[in-house]
Every structure is written in C-alpha cells, then in structure tokens.
Amino acid sequence: MSQISPNKINLSLPDGNSREYAAGITAGEVAADISTSLAKKAISATVNGQHWDLAWPIEADASIAIHTLKDEDQANELIRHDFAHVMARAVQELWPDVKVTIGPVIENGWYYDFDRKESFTPEDLGAIEKKMKEIINLRDKVRTEIWPRDKAVQYYKDQNEPFKVELIDAIPGDEPLRMYWHGDWQDLCRGPHLQHTGQLPADAFKLMSVAGAYWRGDSNREMLQRIYGVAFTGKEKLKAYLLMLEEAAKRDHRKLGREMDLFHMQEEAPGQIFWHPNGWTIYTTLQDYMRRRQRAGGYVEVNTPQVVNRKLWEASGHWESYQENMFIVEVDEDHAREKTVNALKPMNCPCHIQVFNQGLKSYRDLPLRMAEFGSCNRYEPSGALHGIMRVRGFTQDDGHIFCTEEQIEDETARFISFLSEIYAELGFTNWSIKLSTRPEKRIGSEETWDQLEKALGNACKAAGYDYEIQEGEGAFYGPKLEFVLTDAIGRNWQCGTLQVDSNMPERLDAAYIGKDGDKHLPYMLHRATLGSFERFIGILIEEHAGKLPFWLAPRQVVVATIVSDADDYASEVCTALKAAGVRAELDIRNEKINYKVREHSLGKVPVILAVGHREVEERTLTVRRLGEKQTNVTSLDDIVSELAKAATPPDLL
RNA sequence: GCUGCAGUAGCUCAGUGGUAGAGCGCGUCAUUGGUAAUGACGAGGUCGGGAGUUCAAUCCUCCCCUGCAGCACCA
C-alpha cells in the first residue's frame, strides 16, 4: 500500500522519541522498523487518537502507538470485530445459501445477524465454532480495498447479498466503502482489522446463543437470526467471564424469590405478583420508609381510583396513544343504554390533576408536591415481562410537583438531593444522571425547550452532580432526567425519573391564580425515586444476592434450640427480640442444629441465635451471622440492643 | 407482539407409542443431637390446556396458554 512520496513525516512514539518516515508509510511498517518481534505481535495502532489498521498509510505528522494483545481496550475491540467476520465466514462455508447482514462489537463480544430459512440449533453453534477454529488456523491475510460505491453495489448484487446492498444505500454518499477480505471471504467493513486470522485467540471465544432480531431493528422488517459470541484476549479472561455469568444466575431474583419464599406468579395472572409474607415484609418495610421520607421531603400523600372511565383517558390523550397498553374494563349494567367503558389506570398523573383541580389553587399553593403509592396496570407486551422487574401490575412511588416555570430548577435540584439521600441509605452509591433532550416529534417552542433543558442541567449542577446527555430521548412534551444505578455486578437499572410537563395540565385544565389575579397553567414534574416497588425490590434482591441489609431482611433472626430443654429460654429470647422491634422467629423443631443452621442459611436469615444447655445456664446466646462460619457468645441484653439497633431503618437512626 | 426453545409430584429433574420415576420437601414414628442435610416408614402427579392421528399418546401432528433467551416495546 505504501507508495514513494517525496514528503517526509514525523511520527512521535509513546516513549517520547520521534522518527522520520516517508509519507504514506503504514503503521505496520513502522512496527517492523521498531522491531521484528513487535511487527509479529502488533495488531493495530492508535494514530492521532484514532484506532488505526496496520495496513493503512499515514500521510502526515502524527503521534502513533502500536498495539498488541496486551492493550486490552484496542485488542478486545479488534478481536471481537474480526471474530464476527470469521464467524460469518464459517457460517457461509457451512451453509452457502445463508445471507449475511451486519455484525457489530458489543460488550464482551459481538453478534452477527444472518438470514437463513432453517433455524440454527445449539449443535450448529458447535459446528460453527469448530469451523471458526479451522479458519483461525489458516492464518489468512487480511486485505482491505476502498471501492467506489457502484462497484460495491454491483458486487453484492452479483453475490446475491441484498442486505449488503441495502446497507450501502444507507451509508452517506461521501463515505468511502472499505471492502475487506480474509482469504477469499469478503465483507463490507470500515475496519480496522488484525493482520491475519491467526492473531485471533482461538481458545478465548465462545458462541453463546441464537435469537431472533429484526433487520435494522424495525419490527416491520424481516426477522433475522442473531448469533451471539463472547471473546477475550486470553482464555483465563473468558473463564472469568463465564464464571461471572454463573454468579449472576445465582442471584437471579426469580430464583431467590422462590428460595426465600418471597412471592410467586402463576399463569392466571401473567405479569402480576402474589406476594408471600416474607416478600410483603420487604415491600411494606420499604414503603413505610418511603412514606416517612416523602413526608419529610414536603410531599402530601393522596390515593386515587384504580378503575377510571374512558372519558378521562380521552381527555388525557391516553385513550388515543396508549390504549393498546391499557386493561379495559367494561361494565354492563342492567338498564343502561350502553356499556360503561373504563380502564385500569396505567399512570397516576391524570388522577393527580383531578385532585389538584379540586378547589381553586393560588400561586401561594405552589409548589405543590403530591405523592401516591400508585398502583398501575399496563398491558405490557408478553415478551417484555421479566420476573418482578417488568410486570403488568405494579406500584410506583409516584409524585407530581405542580409548580411555576421559575420553580422548576429549584424543585428539580431539591428532588435530586432527596433521591440521592435515599439511594445512599438503601446502599446504592454508584449511580448517574442522564438528561434526555428534545425528540424529533415534539410540541412546544424552541425557546421553551431551551429553557427547560437548561433548568434541568442547572439543577443537576446545583445538586452537585454531573449528567450525560441523551440527545433526542426526551418525551414529546418535555425533557427528562433519568437516574440510573449500577448494581454489584455492573448492571445498570433505570429507577428514578423526573419529567417536565405542561401538556397534561393543559389537556386536563389545571390552573392556578397568579399574583396578577389571572389564571395560569402550572407545570407538572412527574417524578419517581424507586420507580416501582416491584422492580426496585427485584434490584435489591439481585444487588445483595438475597442477603438484604438487616433492616430490610424479612426474617431477621431465628432463635434455634439445640436441645428441647432450651425451649423455654429460647421462647423468652424470641419474645424479648420481638418486643424490641426485631423480626424474630422461634425454631424449636425436633431437628439437629446442623439442619436448622443449613435451612436458615439457605433462607438468607442474617442472624441465627443458637440455644443449648450452656446458654440456658449462662443466659447467653451463640450468635451465627449469615456468611460467617465462626460463632460468638453474647449476653441476652447485649444482643437484643444490638439487633434492635440494626433493625432500625436508616432514616430513624 | 416477533424468532427460537421449554412446560412431567410443592421444588430440581430423569423417562417411555401400551395409562410414570429419583432427590429434596411434606406426614408419621424413633432419635435430644453443639453450627450447612439423623434414620425408618408413608402420602403426593395422569405428564400446561384443547383437538387430531392411532387398537392405544405423557411421548407423534395442529391450535392455544404460560415461561425462558434475544429482538421490538418501556409517551
């Protein structure tokens, strides 16, 4: 690729030295010039901050760094990318009639979408993996060429690859098309790539699963088959990743929900939860906590109807735009001319406006912070349901702040502090804010959007937080903040939200009398801290792998006897703990202590107090804490006061 | 909703074209035993629902329901 050029260029290396080369030299040639061993190990380069293929020429002065597999970030991107191509080639070698589409790098690996009539089976994945290893062993050189668009289109038409033709059509006209080969196999790709397929770590990848995926993410287009793979720079890292997946599966809230006897679901009520005593204890403990927090935060609590006539939903706009997600309830009264049509509320906001609209409001009433533990029902698409995380019946810790435009920024900042304290008390310190700005389809003037987006951004800064902008992701009526928390194994969950809205108040005729004596339209800030109790509890369970903080644990203490002579004392201990506000249970069953310890440990009870002859004599207890093997002996009074303190919710400490 | 896979005892799972089995759990009895399963005996299912093929279906076919993975959705 390099060509003779009269121009000299200066390349500065990471060690501070710089070297002079003829313009047009490739990064690979630079690596070879530095050392032959580097040339062998090199996989790519970074040139002026851009990830660079070793075969691409460098035309001007630049900073350059050569990468090997040791440079995790670049190496992962590169190998995952080339694995995608190698997999596509393997698939086409095994089934030549399969059409290829796209195969991007994703977290931990890649996927590639194929168009094939028959489904891929798990056995097919094994065959593909085997074929991939063969291709890697061929050590085929990677070659790229830049082609004019017409030539590329014609090529793909000749190859009968219609998806590639469509892909080219979607690429902006001025972008060069980079054609890529390893061996005889070809794909369209912007690169960069490895030097040859042999640089792929053949022992550090695995094909994970096959699933359907829409072409171009459009549910109206054809459904393709997507094969997911994971790859790392070494097999130890792959092993570690697979181990992490096993750990994640162990803390699945659906599994723990059964093991801890928290809740169940059944097919007569898909997407809805039957809470068992243990689970409901978590729920009410969390709800009691939120109720106290909201009172302290200046909210008034209300409660509004579940079944509401369609008239209100027509007025709010939900009937038109949200109907397919609503549970419709028809009532056929004996002498009525027609059926009454109602819907279960999918959201609380229209109802809160009804409360606001009772009586005439003055500017003196604002900001009015109205909260409800609002039970909502949404007919979510069947494929969206997931344990208690995504359900059809749930309760939001909902709230609406009615305020003037000037109050938005302060109220938002105030909410962010409110939320941050709660997240901290619930043990989540790792969370971030996303600001979603005006979408394409929207209402309201540009000036208003400017002001509202600025108000939310300023509020974040005022509360002391940074935010990330999500361009165009706001609601059609206003911008929003999303509060995303990261759990113990790195997964992200959107829980809290705050959305600015004047559309709903307007549609439902909300108004207040201003200083000037005229009617004004209030703004409404839709906000939730936990999101929904159901989802948040699911997150709590997974975050803690079932070992909830003591104050939230549904079963906090089991007093377990070793011999039946200790029954009376154990009962006395249990009573004392209950009186001190601890959720304590008595286990005087005719079972060995080993058995009891095992059972309650599996049930994730944080503290087991064992009682035998010795403890009865000395009026002590042998304390065993969940996750610890050793025990220690404590006096009755000490343990009662210690556990009573641990059982106190954080806001009451 | 779409694609694929799955649905057998409370749970986890094995199994077969001729009306089903294990472990745990549950019940009874014996056992009073120091920190992750004491032993014996016993009771549980008609194999998600419906239709079809067949002399005969839990097993084959079709439809439906529910779940799982991914996609789409989550104003």
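The chains referred to below are lettered A, B, ... by the order of the sequence lines, with proteins before strands, and numbering in each begins at 1. What you are looking at is a predicted structure, and each value in this text was computed from that prediction instead of being measured.
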Work out how far the C1' atom of B:U54 is from that of B:C13, and round it to whole angstrom.
30 Å
Out of curiosity, A:Trp431 CH2 to A:Thr486 OG1, how far, rounded to the nearest 0.5 Å?
11.5 Å
What integer number of Å spans the C1' atoms of B:G15 and B:A22?
11 Å
Would you kindly give the CE-to-P distance between A:Met223 and B:C73, to the nearest whole Å?
12 Å
May I ask you to say what A:Thr121 touches in the nucleic acid, namely base, sugar-phosphate or nothing, with a heavy-atom cut-off under 4.0 Å?
nothing
Protein-nucleotide distance (A:Arg254, atom CZ; B:A6, atom C1'), rounded to Å
14 Å
Within 45° of the ring axis of A:Trp95 and under 6.0 Å from its six-membered ring centre, is that where the NZ or CZ of A:Arg116 lies?
yes
For B:G1, take OP1 and OP2 only and decide whether either is under 4.0 Å from a side-chain N or O of A:Ser382.
yes
Taking the same atom, C1', in B:C63 and in B:G17, what whole-Å distance lies between them?
22 Å
Sugar-phosphate only, base, or nothing, as touched by A:Glu615 at under 4.0 Å among non-hydrogen atoms
base
Using only heavy-atom distances, decide whether a donor-acceptor pair under 3.5 angstrom links the side-chain of A:Glu267 to the base of B:G7.
no
Could you state the CG-P distance from A:Leu385 to B:C2, rounded to the nearest angstrom?
14 Å
Describe the nucleic acid contact of A:Lys629 in one word from base, sugar-phosphate, nothing, applying a heavy-atom distance below 4.0 Å.
sugar-phosphate
Tell me which of A:Tyr214 and A:Leu626 sits closer to the 5' end of RNA chain B, going by the nucleotide each one is nearest to.
A:Tyr214
So, is the end of the A:Arg527 side chain (NZ or CZ) under 6.0 Å from the ring centre of A:Phe483 and within 45° of the ring's axis?
no
Kindly determine whether A:Ser436 and A:Gln470 satisfy side chain to side chain donor-acceptor pair (under 3.5 Å), including the steps that lead there.
CA-CA 5 Å; A:Ser436 299; A:Gln470 290 185 309; 3.1 Å; yes
By nearest atom, which of the nucleotides B:A72, B:G33, B:U35 is closest to the A:Pro381 side chain?
B:A72
Whole angstroms only, please: what is the NZ-C1' distance between A:Lys255 and B:C13?
13 Å
Let's test your reading of the model: under 3.5 Å, does the base of B:A69 pair with the side chain of A:Arg226 as donor and acceptor?
no
Would you measure the distance from the P atom in B:U32 across to the matching atom in B:C24 and give it in whole Å?
23 Å
Do A:Ser564 side-chain and B:U32 base share a donor-acceptor contact under 3.5 Å?
yes
Gap between atoms OH and C1', on A:Tyr595 and B:C26 respectively (whole Å)
10 Å
With the side chain of A:Arg614 defined as its heavy atoms from C-beta on, choose the nearest nucleotide among B:U32, B:G4, B:G34.
B:G34
Sorted by position of nearest nucleotide on RNA chain B, 5' first, the leading residue of A:Thr561 and A:His386 is A:Thr561
Given B:A72, B:G33, B:A36, identify the nucleotide with an atom nearest to the side chain of A:Val563.
B:G33
Can you tell me which nucleotide in B:G70, B:G4, B:U35 comes closest to the side chain of A:Tyr228?
B:G70
Find the distance A:Tyr379:OH to B:C74:C1' and express it as a whole number of Å.
16 Å
Are A:Arg507 and A:Glu320 within salt-bridge range, i.e. N to O under 4.0 Å?
no
Determine the Euclidean distance between corresponding C1' atoms of B:G39 and B:G21; express it in Å to zero decimal places.
23 Å
Excluding sequence neighbours, so at least two apart, what forms ring-ring contact (aromatic ring centres under 6.0 Å, His included) with A:Phe274?
A:His264
Syn versus anti for B:G23, judged by chi lying within 90° of 0?
anti
How does RNA chain B read in dot-bracket, base by base from 5' to 3', with Watson-Crick or G-U pairs under 3.5 Å and | used when the partner is on another strand?
(((((((..((((.......)))).(((((.......))))).....(((((.......))))))))))))....
Within the structure shown, what part of the strands sits under 4.0 Å from A:Tyr477 by heavy-atom distance: base, sugar-phosphate, or nothing?
sugar-phosphate
note: A:Lys117, atom NZ; B:G4, atom C1'; distance rounded to Å ~ 17 Å
Take atom C1' in B:C73 and the same atom in B:A37, then report the distance between them in whole Å.
46 Å
Find out whether the Lys NZ or Arg CZ of A:Arg226 is both under 6.0 angstrom from the six-membered ring centre of A:Phe114 and within 45° of the ring's axis.
no
Between A:Glu372 and A:Lys345, does any side-chain N to carboxylate O distance fall below 4.0 Å?
yes
Do A:Lys547 and A:Glu543 sit within salt-bridge range, that is, some charged N less than 4.0 Å from a carboxylate O?
no
Validation: residues 603-617 of chain A side-chain donor-acceptor distances under 3.5 Å, sequence neighbours left out:
| unit_1 | atom_1 | unit_2 | atom_2 | d |
| --- | --- | --- | --- | --- |
| A:His613 | NE2 | A:Asp565 | OD2 | 3.0 |
| A:Glu615 | OE1 | A:Gly612 | N | 2.8 |
| A:Glu615 | OE2 | A:Thr622 | OG1 | 2.5 |

For A:Ala610, answer base if it contacts any base atom (sugar-phosphate contacts may also be present), sugar-phosphate if it contacts only those atoms, and nothing otherwise; contact means non-hydrogen atoms under 4.0 Å.
base
Could you work out which one of B:C73, B:G4, B:G67 sits closest to the side chain of A:Arg390?
B:C73
Mind checking the P distance from B:C60 to B:G1? Whole angstroms is fine.
25 Å
Which part of the nucleic acid, if any, lies within contact of A:Gly317, taking any heavy atom under 4.0 Å across all strands shown: a base, the sugar-phosphate backbone alone, or nothing?
nothing
Sticking with atom C1', work out how far B:A43 lies from B:A51, rounded to a whole angstrom.
35 Å
So does A:Arg216 pair up with A:Glu222, basic N to acidic O under 4.0 Å?
no
Which part of the nucleic acid, if any, lies within reach of A:Glu599 when heavy atoms closer than 4.0 Å are counted: base, sugar-phosphate only, or nothing?
nothing
So what does A:Gly387 touch, heavy atoms closer than 4.0 Å: a base, only the sugar-phosphate, or nothing?
sugar-phosphate
Give A:Leu224 one of three labels, base, sugar-phosphate or nothing, depending on what nucleic acid heavy atoms sit under 4.0 Å from its own.
nothing
Rounded to the nearest Å, what distance is computed from the CG atom of residue A:Leu207 to the P atom of nucleotide B:G70?
17 Å
Can a side chain N or O of A:Arg258 be found less than 4.0 Å away from OP1 or OP2 on B:G10?
no
